[in-house]
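Just below is one structure, and these are the notes that go with it.
Each chain gets a letter, A, B and so on, in the order the sequences are listed, and its residues count up from 1.
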There are 2 protein chains.
Amino acid sequence: MMGVTMRIGELATKSGVSVRALRYYEEQGLLAAGRSDSGQRHYPEPAVDRVQLIQMLYGAGLSSRTIAELLPCVDAKVSTPESQARLAAERARIDEQITALIHTRDRLDAVIASTVDPANGCTVVHD
Amino acid sequence: MMGVTMRIGELATKSGVSVRALRYYEEQGLLAAGRSDSGQRHYPEPAVDRVQLIQMLYGAGLSSRTIAELLPCVDAKVSTPESQARLAAERARIDEQITALIHTRDRLDAVIASTVDPANGCTVVHD
DNA sequence: CTTGCCTCTGACGTCAACGTCAGGTCCTAG
DNA sequence: CTAGGACCTGACGTTGACGTCAGAGGCAAG
């Protein structure tokens, strides 16, 4: 079967991140890579999902260090009280972020409404 | 009346940001400041709200440049087709961010569930 | 065997939103 | 009038997640 493993370029295109980023993830202990005799990295298919999970967590504002602390507990499925606390804490952080963003969006909606509504002393300029 | 205007330190404590940040906001054109004869900045009360709005927008991932482009259209309440488009675009971006965060939270919930549920081959370790 | 693309390891560059320090001025309480 | 805190303007430092470049080796095609 072909494609049971892939090299870094293919993983990059499949997961939508740069080659540099993948090397960085490895450096940060987020993504393990096998090596060929000549030292080239190779990855199994599930690495694509893993990279996308990493991207999600970055997107949620987590740092490499935090992600590095969470991922092992995802992999090993081993639950210590500490890891549970970490997961819960990050979940809570994301929750707060969502709340804040909704708040911000509402604020922006108010601004949009005021700039659209001429009753607010708003001047609408057309091209 | 006292406190109709305030100096930078007071604004900093009232709005919960650092003095340095306030100077930076001014530098970026986000926050105007009056000057005393000796060159000291003074701000009116509404500056507190303004700073908090700025913080909200930063919190939503907007850059200084983007905020600088949005704020005038908040102040002047002048609506050009371009400014409407900008506002709508940023609102949309925030919406996408919220969606992504909810997605991430769900993912994290799944992880939490799997680490908590022994049926998933998870090992629970107590102190 | 060579051409050309992919990959490797350093290692320095970048960018934003400030932090921090230096050296000097201002202002208010006592 | 003087001490000490608040303020001023540069200007350099910081941090994270990569970008980018240099120099060298690897690999499938022709």
Side-chain angles (χ1 to χ4, degrees), chain A residues 2-3 5-44 47 50-71 90 93 97 100 104, chain B residues 2-3 5-44 47 50-71 90 93 97 100 104:
Chain A
M2 334 171 12
T5 72
M6 52 190 149
R7 293 191 303 174
I8 198 170
E10 192 177 349
L11 178 58
T13 51
K14 280 191 181 174
S15 56
V17 309
S18 73
V19 166
R20 178 65 175 95
L22 294 178
R23 294 204 189 102
Y24 179 73
Y25 297 165
E26 184 178 4
E27 190 182 316
Q28 299 300 305
L30 309 181
L31 181 64
R35 297 297 186 126
S36 73
D37 288 356
S38 59
Q40 305 211 166
R41 276 166 265 249
H42 49 81
Y43 306 88
R50 178 154 187 115
V51 171
Q52 279 165 359
L53 173 59
I54 294 173
Q55 285 287 100
M56 283 185 62
L57 296 176
Y58 272 127
L62 307 203
S63 68
S64 291
R65 217 174 65 80
T66 305
I67 297 176
E69 287 169 14
L70 294 189
L71 283 184
E90 294 307 329
R93 266 180 29 78
Q97 242 186 95
T104 304
Chain B
M2 333 169 11
T5 72
M6 52 188 149
R7 293 191 303 174
I8 198 169
E10 191 177 351
L11 177 57
T13 52
K14 281 191 180 175
S15 55
V17 308
S18 72
V19 167
R20 178 66 174 95
L22 294 178
R23 296 205 188 101
Y24 178 73
Y25 296 166
E26 183 178 4
E27 191 181 316
Q28 300 299 307
L30 309 180
L31 180 65
R35 296 297 185 126
S36 74
D37 288 357
S38 60
Q40 303 208 175
R41 277 167 264 250
H42 46 82
Y43 304 88
R50 178 157 187 109
V51 171
Q52 281 165 359
L53 173 58
I54 293 173
Q55 286 286 101
M56 285 184 60
L57 296 176
Y58 272 127
L62 307 202
S63 68
S64 291
R65 217 174 64 81
T66 305
I67 298 177
E69 288 170 13
L70 294 188
L71 284 183
E90 295 306 328
R93 265 181 30 78
Q97 243 187 95
T104 304

What integer distance in Å separates [X]:[atom1] from [N]:[atom2]?
{"X": "A:Arg23", "N": "C:dC8", "atom1": "CZ", "atom2": "C1'", "answer": "7 Å"}
{"X": "B:Glu26", "N": "D:dC7", "atom1": "CD", "atom2": "C1'", "answer": "13 Å"}
{"X": "B:Arg65", "N": "C:dC15", "atom1": "CZ", "atom2": "P", "answer": "13 Å"}
{"X": "B:Ile54", "N": "C:dA16", "atom1": "CD1", "atom2": "P", "answer": "17 Å"}
{"X": "B:His42", "N": "D:dC7", "atom1": "NE2", "atom2": "C1'", "answer": "13 Å"}
{"X": "B:Gln55", "N": "C:dC18", "atom1": "CD", "atom2": "P", "answer": "6 Å"}

I need the residues from residues 27-36 of chain B with at least one non-hydrogen atom less than 4.0 Å from DNA chain D; give them sorted by number, or say none.
B:Arg35
For A:Val19 and for A:Ser38, locate the closest nucleotide of DNA chain D by heavy-atom distance; then report the residue assigned to the nucleotide nearer the 5' terminus.
A:Val19
In terms of side-chain heavy atoms of B:Ser18, which of C:dC8, C:dG19, C:dC27 is nearest?
C:dG19
Output yes when at least one side-chain N/O atom of [X] is less than 4.0 Å from OP1 or OP2 of [N], else no.
{"X": "B:Tyr25", "N": "C:dA17", "result": "no"}
{"X": "B:Tyr24", "N": "C:dC18", "result": "no"}
{"X": "A:Arg41", "N": "C:dC8", "result": "yes"}
{"X": "A:Ser64", "N": "D:dA17", "result": "yes"}

Distance-only donor-acceptor hits, side chain of residues 24-33 of chain B, under 3.5 Å, sequence neighbours excluded:
from	atom 1	to	atom 2	distance (Å)
B:Tyr25	OH	B:Gln55	OE1	2.5
B:Glu26	OE1	B:Arg41	NH1	2.6
B:Glu26	OE2	B:Arg35	NH2	3.4

Which distance, rounded to the nearest 0.5 Å, do you find between the [atom1] of [X] and the [atom2] of [Y]?
{"X": "A:Leu22", "Y": "A:Arg7", "atom1": "CG", "atom2": "CZ", "answer": "14.0 Å"}
{"X": "A:Leu53", "Y": "A:Ile67", "atom1": "CG", "atom2": "CD1", "answer": "8.0 Å"}
{"X": "B:Ser15", "Y": "B:Ile54", "atom1": "OG", "atom2": "CD1", "answer": "9.0 Å"}

Pick out the pairs of N or O atoms, protein on one side and nucleotides 3-6 of chain D on the other, that lie under 3.5 Å.
none

Could you pull out all residues at least two apart from [X] that satisfy side-chain hydrogen bond (donor to acceptor under 3.5 Å, both in side chains)?
{"X": "A:Thr66", "value": "A:Ser63"}
{"X": "A:Ser18", "value": "none"}
{"X": "B:Ser36", "value": "B:Ser38"}
{"X": "A:Ser64", "value": "A:Tyr58"}

Between the protein and nucleotides 11-13 of chain C, list the N/O to N/O atom pairs that are separated by less than 3.5 angstrom.
none

Keeping to residues at least two apart or across chains, list the salt bridge (charged side-chain N to carboxylate O under 4.0 Å, His left out) pairs with something in residues 51-64 of chain B.
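Residue pairs passing salt bridge (charged side-chain N to carboxylate O under 4.0 Å, His left out), neighbours aside: none found.
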Per the salt bridge (charged side-chain N to carboxylate O under 4.0 Å, His left out) rule, what does the pair list look like for residues 60-69 of chain B, sequence neighbours excluded?
B:Arg65-B:Glu69, B:Glu69-B:Arg86
With B:Arg93 via salt bridge (Lys or Arg N to Asp or Glu O under 4.0 Å) - residues at least two apart
B:Glu90
Can you sort out the partners of B:Arg50 under salt bridge (Lys or Arg N to Asp or Glu O under 4.0 Å), two or more places apart, ordered by chain and number?
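Partners of B:Arg50 under the salt bridge (Lys or Arg N to Asp or Glu O under 4.0 Å) test: B:Asp75.
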Any base atoms under 4.0 Å from A:Leu62, or only sugar-phosphate, or nothing? Heavy atoms, all strands.
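Contact class for A:Leu62: sugar-phosphate only.
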